[in-house]
Amino acid sequence: MVAATGVELNDGGNSAPVRHDWQRAEAEALYGLRFADLMLQAQSVHRKNFDPNHVETASLLSIKTGGCPEDCGYCSQSAHYDTGLKATRLMDRAEVVATAQCAKDAGATRLCMAAAWRSPKDRDLDQVCDMISAVKDLGMETCVTLGMLTSKQATRLSEAGLDFYNHNVDTSPEFYDKIITTRALQDRIDTLAHVRDAGIKVCCGGIVGMGECVEDRLGMLVLLANLPSHPESVPINLWNEVKGVPVNDTAERPDPIALVRLVATARIMMPKSVVRLSAGRKYMTDEQQTLCILAGANSIFIGDVLLTTKNPRRDRDANLLDRLGVTSGLA
Ligand code: SAM
Ligand code: DTB
Ligand code: SF4
């Protein structure tokens, strides 16, 4: 089938295998389709691979906040900037279990535990492994994001039963150096390989709204889709404003329709990946979130806070999904 502009219609079926050889021009052609044609293609792919009436609900927990030695220009937790955030020590296991139980009771099926580290120390990793086992014992899926890992550390997390590791490429290769200087994109790609080789599922995406152009956003999708395996989970974060960080000087929130187009393009390029509408939902209307769900977004973070910034309230999310007839942990 051929869509109106001549781009071949990918319905995600047998004729459209999962690809790892995406060219930027192809991503741009998809993104630039007339809106109805792009949405039809994204929805066709989505329906072939997922229940279009279901959205996954995960919850975030900052197990170690602030004081991070990295200089990510968007982040409230970097020690390089004065963001007014108070740094904390690593949470203890009992506190993590209590919070996880509350998140489960509130409808989360997965807990994503985040630490503001460049990379974990082995002593810290022992404690995180304990937390993973404890959260799994509650019957929840586990995800952690701890910074860069060696292959040995990834193996230890795998042995602890970890389901997912989150480590984002954040942006395009061209824009990356404008945002982070303390670690290279290749360092991140190396960590992703260690995680994958250890048999842990990969959660990897990035941020939009930092001042990057549309080509950077599409360059990020090409980077993700051309990894040796598509990440099982692809978070798309809209930058949640943080005072005192350099991104304030360049930030520009994308036009709402541009974000929907990006989600649809991600859905088509990574047909079997869960696409998570992550940070920044607080800036979106119900209608924009609905369009993102129609475009193939099928996961959200629930809970009033993400790590250090705000998220829509649970009742607002429950109300929206209910009006759409979408099933989730909130229903
Ligand atoms: N320190 C670890 C790391 O960077 O890998 C884990 C935690 S870090 C907060 C996880 C991801 O959250 C970042 O890679 C970035 O994509 C996203 N993030 C951080 N601050 C954000 C913000 N203000 N708005 C949107 N996304 C953000
Ligand atoms: C991801 O891509 N988004 C989440 C999770 N992975 C760890 C984090 C969003 C953080 C938003 C900013 C904050 O609350 O500090
Ligand atoms: Fe540190 Fe992660 Fe924030 Fe970067 S994004 S400053 S690595 S906590």
**Q** Taking all atoms of both residues into account, what is the closest heavy-atom pair of L238 and P254, and its distance?
**A**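 For L238 versus P254, the nearest heavy atoms are CD1-CD, 3.4 Å.
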**Q** Measure from the side-chain N and O atoms of R261 to the backbone N and O of L33, and report whether any donor-acceptor pair falls under 3.5 Å.
**A** yes
**Q** Here's a test for you: under side chain to side chain contact (heavy atoms under 4.5 Å, CB included), which of S299, S233, S273, P231 qualifies with C203?
**A** S233
**Q** Between atom CH2 of W22 and atom CG of N226, what is the distance when rounded to the nearest 0.5 Å?
**A**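 One gets 9.0 Å once the value is rounded to the nearest 0.5 Å.
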**Q** Heavy-atom count check: over 12 atoms from other residues, nucleotides or ligands less than 6.0 Å from E174 CD?
**A**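 For E174, atom CD is crowded (more than 12 foreign heavy atoms under 6.0 Å).
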**Q** Backbone N or O of H46 within a donor-acceptor pair of the N49 side chain at under 3.5 Å?
**A** no
**Q** Rounded at 0.5 Å granularity, tell me how far CG in L320 sits from CG in L330.
**A** 10.0 Å
**Q** Can you tell me how far NZ of K272 sits from OG of S229, rounded to the nearest 0.5 angstrom?
**A** 13.5 Å
**Q** Looking at every non-hydrogen atom in both residues, tell me the closest pair between I236 and A266 and how far apart they are.
**A** CD1-CB, 4.1 Å
**Q** With a 4.0 Å cut-off on N to O distance, would you call E241 and K282 a salt bridge?
**A**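 The answer is no: the pair does not qualify as a salt bridge.
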**Q** Taking only Lys NZ, Arg NE, NH1 and NH2, and the carboxylate oxygens of Asp or Glu, determine whether R314 and D317 approach each other closer than 4.0 Å.
**A** no
**Q** Looking only at side-chain N and O atoms, does Y74 offer a donor or acceptor that is under 3.5 Å from a partner on D170?
**A**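 Indeed, the side chains of D170 and Y74 share at least one donor-acceptor pair under 3.5 Å.
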**Q** With clusters defined by side-chain heavy atoms of hydrophobic residues (ILVMFWY) lying less than 4.5 Å apart, directly or transitively, does L294 cluster with L30?
**A** no
**Q** More than 12 heavy atoms of other residues, nucleotides or ligands under 6.0 Å from CZ of R24: yes or no?
**A** yes
**Q** Hey, is the main chain of P271 close enough, under 3.5 Å, to the side chain of R267 for a donor-acceptor pair?
**A**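 At least one qualifying donor-acceptor pair exists.
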**Q** Would you say S78 and E70 are linked by a side-chain donor-acceptor pair, where the criterion is simply a distance under 3.5 Å?
**A** no
**Q** Would you mind reporting whether I207 and N168 have side-chain heavy atoms less than 4.5 Å apart?
**A** no
**Q** Just by modelled atom types, is the K201 backbone N or O under 3.5 Å from a matching donor or acceptor in the E232 side chain?
**A** no
**Q** Return the CG to CG distance between D216 and L223, rounded to the nearest 0.5 Å.
**A**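 Between D216 CG and L223 CG, I get 11.5 Å after rounding to 0.5 Å.
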**Q** Mark yes when over 12 heavy atoms from residues, nucleotides or ligands other than R323 sit less than 6.0 Å from its CZ; otherwise mark no.
**A** yes
**Q** Is there side-chain contact between H20 and H230, with heavy atoms separated by less than 4.5 Å?
**A**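 H20 vs H230: side chains touch.
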**Q** Between T57 and S328, is there a donor-acceptor pair closer than 3.5 Å when you use the side chain of the first and the backbone of the second?
**A**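 The answer is no, because no donor-acceptor pair under 3.5 Å joins these two groups.
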**Q** With a sphere of 6.0 Å drawn around CZ of R118, does it hold more than 12 non-hydrogen atoms of other residues, nucleotides or ligands?
**A**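 Yes - once you tally the heavy atoms of other residues, nucleotides and ligands closer than 6.0 Å, there are more than 12.
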**Q** Apply side chain to side chain donor-acceptor pair (under 3.5 Å) to residues S62 and T65 and explain how you reach the verdict.
**A** CA-CA 6 Å; S62 182; T65 304; 2.6 Å; yes
**Q** Would you call I302 and I300 a side-chain contact if the rule is heavy atoms closer than 4.5 Å?
**A**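 Yes, their side chains come closer than 4.5 Å.
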**Q** Any donor-acceptor pair under 3.5 Å linking the side chain of E26 with the backbone of Q23?
**A**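 Side chain of E26 to backbone of Q23, a donor-acceptor pair under 3.5 Å: yes, one is there.
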**Q** If you link I, L, V, M, F, W and Y whenever their side-chain heavy atoms are under 4.5 Å apart, who else ends up in the same group as L60?
**A** F301, L306, L307
**Q** Checking the side chain of N240 only, and the main-chain atoms of A279 only, is there a donor and an acceptor separated by less than 3.5 Å?
**A** no
**Q** Less than 4.0 Å between a side-chain N and a carboxylate O, is that true for D82 and K243?
**A**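 No, K243 and D82 are not salt-bridged.
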**Q** Got L40 and S44 here, is their nearest side-chain heavy-atom distance under 4.5 Å?
**A** yes
**Q** Taking it one step at a time, do T308 and S76 satisfy side chain to side chain donor-acceptor pair (under 3.5 Å)?
**A** CA-CA 7 Å; T308 68; S76 61; 2.7 Å; yes
**Q** Could you see if V275 belongs to whatever hydrophobic cluster contains L227? Use Ile, Leu, Val, Met, Phe, Trp, Tyr and a side-chain cutoff under 4.5 Å.
**A** yes
**Q** Could you list the donor-acceptor pairs under 3.5 angstrom formed by side chains in residues 127-147, with sequence neighbours left out?
**A**
residue : atom : partner : partner atom : Å
S133    : OG   : C129    : O            : 3.0
K136    : NZ   : G161    : O            : 3.1
K136    : NZ   : D163    : OD1          : 3.2
K136    : NZ   : D163    : OD2          : 3.2
E141    : OE1  : R110    : NE           : 3.1
E141    : OE1  : R110    : NH2          : 3.2
T142    : OG1  : D163    : N            : 3.3
T142    : OG1  : D163    : OD2          : 3.2
T145    : OG1  : N166    : O            : 2.8
T145    : OG1  : N166    : OD1          : 3.2

**Q** Sequence neighbours excluded, which residues qualify as ring pair (Phe, Tyr, Trp, His ring centres under 6.0 Å) partners of H194?
**A**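 H194 satisfies ring pair (Phe, Tyr, Trp, His ring centres under 6.0 Å) with no other residue.
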**Q** State yes or no: do V45 and L277 share one hydrophobic cluster built from I, L, V, M, F, W and Y residues joined by side-chain heavy-atom distances below 4.5 Å, directly or via other members?
**A** yes
**Q** Do Y165 and R196 have side-chain N/O donor and acceptor atoms under 3.5 Å apart?
**A** no
**Q** Scan side-chain atoms only and decide if D71 and T181 contain a donor-acceptor pair under the 3.5 Å cut-off.
**A** yes
**Q** Please check: side-chain N/O of T191 versus main-chain N/O of L149, any donor-acceptor pairing under 3.5 Å?
**A**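 It does hold such a pair.
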**Q** With a 4.5 Å heavy-atom cut-off, do L38 and Q41 have their side chains touching?
**A**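 Answer no - side chains too far apart.
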**Q** Would D122 and K152 count as a salt bridge (Lys or Arg N to Asp or Glu O under 4.0 Å) here? Give the steps.
**A** CA-CA 10 Å; D122 287 343; K152 216 166 136 201; 5.8 Å; no
**Q** Working to the nearest 0.5 angstrom, can you tell me the gap between D315 CG and D322 CG?
**A**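 If I round to the nearest 0.5 Å, the distance is 12.0 Å.
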**Q** How about R34 and M39: do any of their side-chain heavy atoms sit closer than 4.5 Å?
**A**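 No, too far: nothing below the 4.5 Å cut-off.
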**Q** Any chance you could measure L221, atom CG, to I268, atom CD1, to the nearest 0.5 Å?
**A** 10.5 Å
**Q** Do the charged groups of E212 and K178 touch, with an N to O distance under 4.0 Å?
**A**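 No.
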**Q** Given side chains that start at C-beta, do those of H54 and V326 come closer than 4.5 Å, heavy atoms only?
**A**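 Of all side-chain heavy-atom pairs linking V326 with H54, none is under 4.5 Å.
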**Q** Is any side-chain heavy atom of C204 closer than 4.5 Å to a side-chain heavy atom of V169?
**A**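 Yes, at least one pair of side-chain atoms sits under 4.5 Å.
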**Q** Are R217 and E28 close enough for a salt bridge, meaning some N to O gap below 4.0 Å?
**A**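 Here R217 does not pair with E28 in a salt bridge, since their nearest N and O are not under 4.0 Å apart.
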